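On a predicted model such as this, the values are computed, not experimentally measured, just so you know. Below, chain A is the first sequence line, B the second, and so on; all start at residue 1.
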Amino acid sequence: MASPTLIRIADIAAHEGEQVLLQGWVQARTGKGRLHFIRLRDGSGIVQCVAFRHEMDEDGFALARALTQEAAIRVSGEVRRDERAPGLPGGYEVGVQRLELVGAAEEYPITPKEHGVEFLMDRRHLWVRSSRQWAILRIRATIVSAMRNWLDDEGFLLVDTPIITPAAGEETTTLFDIDYFGEQAFLAQTGQLYNEANIAAFGKVYCFGPTFRAEKSRTRRHLLEFWMLEPEIAFCTLEELMELQERFISHVVGTVLEKHSQELALVGRDTTALERIKAPFPRISYDEAVERLHALTSTIEDAEQRELLAIEHGEDFGSPQETAIAEQFDRPVFVYHYPTAVKAFYMEPLAERPELCRSVDLLAPEGYGEITGGSERIHDLALIEERVAQIGLPREAYDWYLELRKYGSVPHSGFGIGLERTVAWICGLPHIRESVPYARMLNRKSP
RNA sequence: UCCACAGUAGCUCAAUGGCAGAGCAACCGGCUGUUAACCGGUAGGUUCCUGGUUCGAGUCCAGGCUGUGGAGCCA
């Protein structure tokens with residue numbers, strides 16, 4: 001008998017008829033007397049191992065009988081093709097000849113039956129082993145690499161921005177503050193201000209890292225710690241920014257569809273909605289969005305519903321408004337030229353209507369809300385100084401940022417995309433907490 | 001911060017104000033094709049906490065705690 005080769009389950013199809021060695025964890029076991037089925041998980045995939053009494057020594061079979069969920073084992077045997085075999089990729093099973101226990105498992109709390117949210121989130125360190133969570137986190141990793149690869153290929157440079165910062169990026173109400181040897185500092189809520197410095201060195205840059213917002217919001221779309229990717233481009237207009245974003249998003253969705261049909265099936269995602277995600281995306285102005293909402297509201301009979309969607313021109317959209325607008329399209333929709341007053345201080349006002357600014361949000365379909373937010377930035381020194389003063393931000397903290405406008409200031413634009421919201425949308429998750437390995441929320445900082 | 005709902009076995013849930021229950025998991029036994037197997041058996045309870053009403057409270061009342069869904073805020 002040939003000595004077995006150690007393989008990963010993902011590659012099992014290439015080893016049909018061969019003696020192989022697998023190492024992993026028992027996802028499930030069912031006994032049939034002299035026959036036991038062991039569903040083995042090794043991180044790359046899932047395969048059914050079949051232990052027949054007559055094919056094994058007595059100790060090995062006794063072990064197979066006694067295996068508990070999540071026991072760590074090594075299995076060697078022959079790879080067979082069998083249509084009945086479940087798993088990932090599936091269709092193959094291993095006839096067990098030798099079995100070795102590497103690490104025993106006590107009674108595992110996450111059984112194959114249903115569990116509540118709190119129970120699972122308390123055991124997130126174990127829950128990541130479950131198929132659905134495994135699939136989501138694999139898709140998340142692909143989304144990250146697709147985003148970065150696309151930007152790298154487009155000539156962007158990754159330039160990391162600091163996580164500990166001396167000042168708020170945008171406002172001061174939602175920052176985590178930390179003790180910086182007796183001085184106050186904050187965890188970054190954006191890398192954008194630094195990106196604006198970096199474009200003058202590199203032209204097109206992006207930063208990607210965790211950002212922190214101490215918002216007391218408790219919704220299915222919010223985390224206190226989330227990952228954001230922020231491209232920034234010199235000599236770029238709002239229109240060019242939208243064009244860039246739609247190509248970027250289309251590429252990311254396309255990559256996931258291409259690489260993860262199995263994972264999307266595991267999470268129960270209807271991929272026809274994703275296959276429509278191709279540039280160009282519809283674009284509507286804030287003015288038009290408000291008109292659409294007014295038109296929609298006038299057709300609604302239910303007073304409570306109407307109240308929820310009510311909006312005055314000049315107000316920002318809430319979740320119900322965002323969802324209602326996005327529902328009118330089958331692809332992500334750009335909403336541009338928001339009121340200056342509801343947006344960040346650095347956004348360029350429209351020359352002809354300064355109460356509006358050259359901003360754009362991208363609203364994902366199916367109620368996933370805003371996944372990107374961006375704008376053209378103010379590049380005029382006097383105007384940005386005025387805005388900093390107006391907003392009441394401490395001038396000293398922004399000295400370096402304002403100084404950028406003194407040395408070759410150019411029109412420039414950028415956007416930020418929330419990774420977790422993107423993952424939630426692409427995977428069709430009901431709640432953002434499943435889109436990140438270890439969620440940080442209002443009532444949760446552990447595990 | 002506001003609104004709504006919930007908390008009973010390890011898990012998911014039942015129980016008209018009147019004996020604390022089921023399925024799954026665990027444990028013991030059976031089964032050569034299971035897919036969240038099936039069949040028989042065993043064990044498993046501070047009904048979230050504090051107080052109140054009542055002959056009697058898991059159930060009704062008050063306060064609190066925790067969680068869930070939504071709003072606001074945002075990516």
### Query
Charged N to carboxylate O below 4.0 Å: is that the case for A:Arg358 and A:Glu376?
yes
### Task
May I ask you to evaluate whether A:Arg132 reaches the phosphate of B:rA36, defined as a side-chain N or O under 4.0 Å from OP1 or OP2?
no
### Query
NA contact type, A:His36, heavy-atom cut-off 4.0 Å: base, sugar-phosphate, or nothing?
nothing
### Task
Could you tell me if the ring centre of A:Phe52 sits under 6.0 Å from that of A:His36?
no
### Query
What nucleotide among B:rC73, B:rA75, B:rA25 has an atom nearest to a side-chain atom of A:Thr219?
B:rC73
### Task
Check every strand shown and say whether A:Arg221 touches a base, only sugar-phosphate, or nothing at a heavy-atom separation below 4.0 Å.
base
### Query
Are any side-chain N or O atoms of A:Thr211 and backbone N or O atoms of A:Thr190, one a donor and one an acceptor, separated by less than 3.5 Å?
no
### Task
Grab the CD1-P distance between A:Ile38 and B:rG33 for me, whole Å please.
17 Å
### Task
Scan A:Phe119 against the nucleic acid and name what it touches under 4.0 Å (heavy atoms): base, sugar-phosphate only, or nothing.
sugar-phosphate
### Message
Which nucleotide, if any, forms a Watson-Crick or G-U wobble pair with B:rU50, using both distances under 3.5 Å?
### Response
B:rA62
Identify all side-chain donor-acceptor contacts of residues 324-332 of chain A below 3.5 Å with residues at least two apart in sequence or on another chain.
from, atom 1, to, atom 2, distance (Å)
A:Gln328, OE1, A:Arg292, NH1, 2.6
A:Arg331, NH1, A:Pro280, O, 2.5

### Query
Of the nucleotides B:rG67, B:rA75, B:rU35, which one has an atom closest to the side chain of A:Glu118?
B:rG67
### Task
Would you indicate which nucleotide in B:rU32, B:rA36, B:rU35 comes nearest to any side-chain atom of A:Pro112?
B:rA36
### Task
With heavy atoms under 4.0 Å as the rule, sort A:Arg29 into base, sugar-phosphate or nothing.
nothing
### Message
Nearest to the side chain of A:Glu114, heavy atoms from C-beta on, is which of B:rC27, B:rA36, B:rA75?
### Response
B:rA36
### Query
If only side-chain N and O atoms of A:Arg421 are considered, is one of them under 4.0 Å from the OP1 or OP2 phosphate oxygen of B:rA75?
no
### Message
Using a 4.0 Å heavy-atom cut-off, does A:Gly116 contact any base of the nucleic acid, only the sugar-phosphate backbone, or nothing at all?
### Response
sugar-phosphate
### Query
Between A:His431 and A:Arg80, which is nearer to the 5' end of RNA chain B once each is assigned its nearest nucleotide?
A:Arg80
### Message
Between A:Glu93 and A:Arg81, does any side-chain N to carboxylate O distance fall below 4.0 Å?
### Response
no
### Query
If you measure from the ring centre of A:Phe37 to the centre of the six-membered ring in the base of B:rG33, is it under 5.5 Å, with the planes under 30° apart?
no
## Note on the structure
Partner of B:rG18 under the Watson-Crick or G-U wobble criteria, both distances under 3.5 Å, comes out as B:rC55
### Message
Distance check, P atoms only: B:rU68 and B:rC11, in whole angstrom units.
### Response
16 Å
### Query
Roughly how far apart, to the nearest Å, are B:rG23 and B:rC39 at atom P?
10 Å
### Query
What nucleotide among B:rC74, B:rG33, B:rC11 has an atom nearest to a side-chain atom of A:Glu322?
B:rC74
### Donor/acceptor link under 3.5 angstrom from A:His115 side chain onto base of B:rC11
no
### Message
Quick check: any donor-acceptor pair below 3.5 Å linking the side-chain of A:Glu93 to the base of B:rG33?
### Response
yes
### Task
Remember a base hit wins even if backbone is also touched, and classify A:Pro109 as base, sugar-phosphate or nothing at under 4.0 Å, heavy atoms.
nothing
### Query
Could you state the interatomic distance from NE2 (A:His54) to CZ (A:Arg34), rounded to the nearest 0.5 Å?
10.5 Å
### Query
Closest to the A:Thr68 side chain: B:rG30, B:rC27, B:rC24?
B:rC27
### Query
Using atom P of each nucleotide, how far apart are B:rA75 and B:rC38 to the nearest Å?
49 Å
### Message
Taking the C1' atom in each of B:rG72 and B:rA15, what is the distance between them to the nearest angstrom?
### Response
39 Å
### Query
Whom does B:rG23 pair with, Watson-Crick or G-U wobble, provided both distances fall under 3.5 Å?
B:rC11
### Task
Measure from the side-chain heavy atoms of A:Leu308 and tell me the nearest of B:rA71, B:rA75, B:rG72.
B:rA71
### Query
What does B:rG67 pair with, Watson-Crick or G-U, if both distances are under 3.5 Å?
B:rC5
### Query
Between A:Asn443 (CG) and B:rG67 (P), how many Å, whole number?
4 Å
### Summary
Between A:Val117 and A:Ala85, the residue closer to the 5' end of RNA chain B by nearest nucleotide is A:Ala85
### Query
Should the pair A:Tyr338 and A:Phe317 be assigned to parallel (<30°), tilted (30 to 60°) or perpendicular (>60°) ring geometry?
perpendicular
### Message
Using a 4.0 Å heavy-atom cut-off, does A:Thr422 contact any base of the nucleic acid, only the sugar-phosphate backbone, or nothing at all?
### Response
nothing
### Task
Report which part of the nucleic acid A:Ser217 touches: base, sugar-phosphate, or nothing (heavy-atom distance under 4.0 Å, all strands).
base
### Query
Within the modelled atom types, does a donor on one side and an acceptor on the other bring the side chain of A:Lys113 and the base of B:rA36 under 3.5 Å apart?
yes
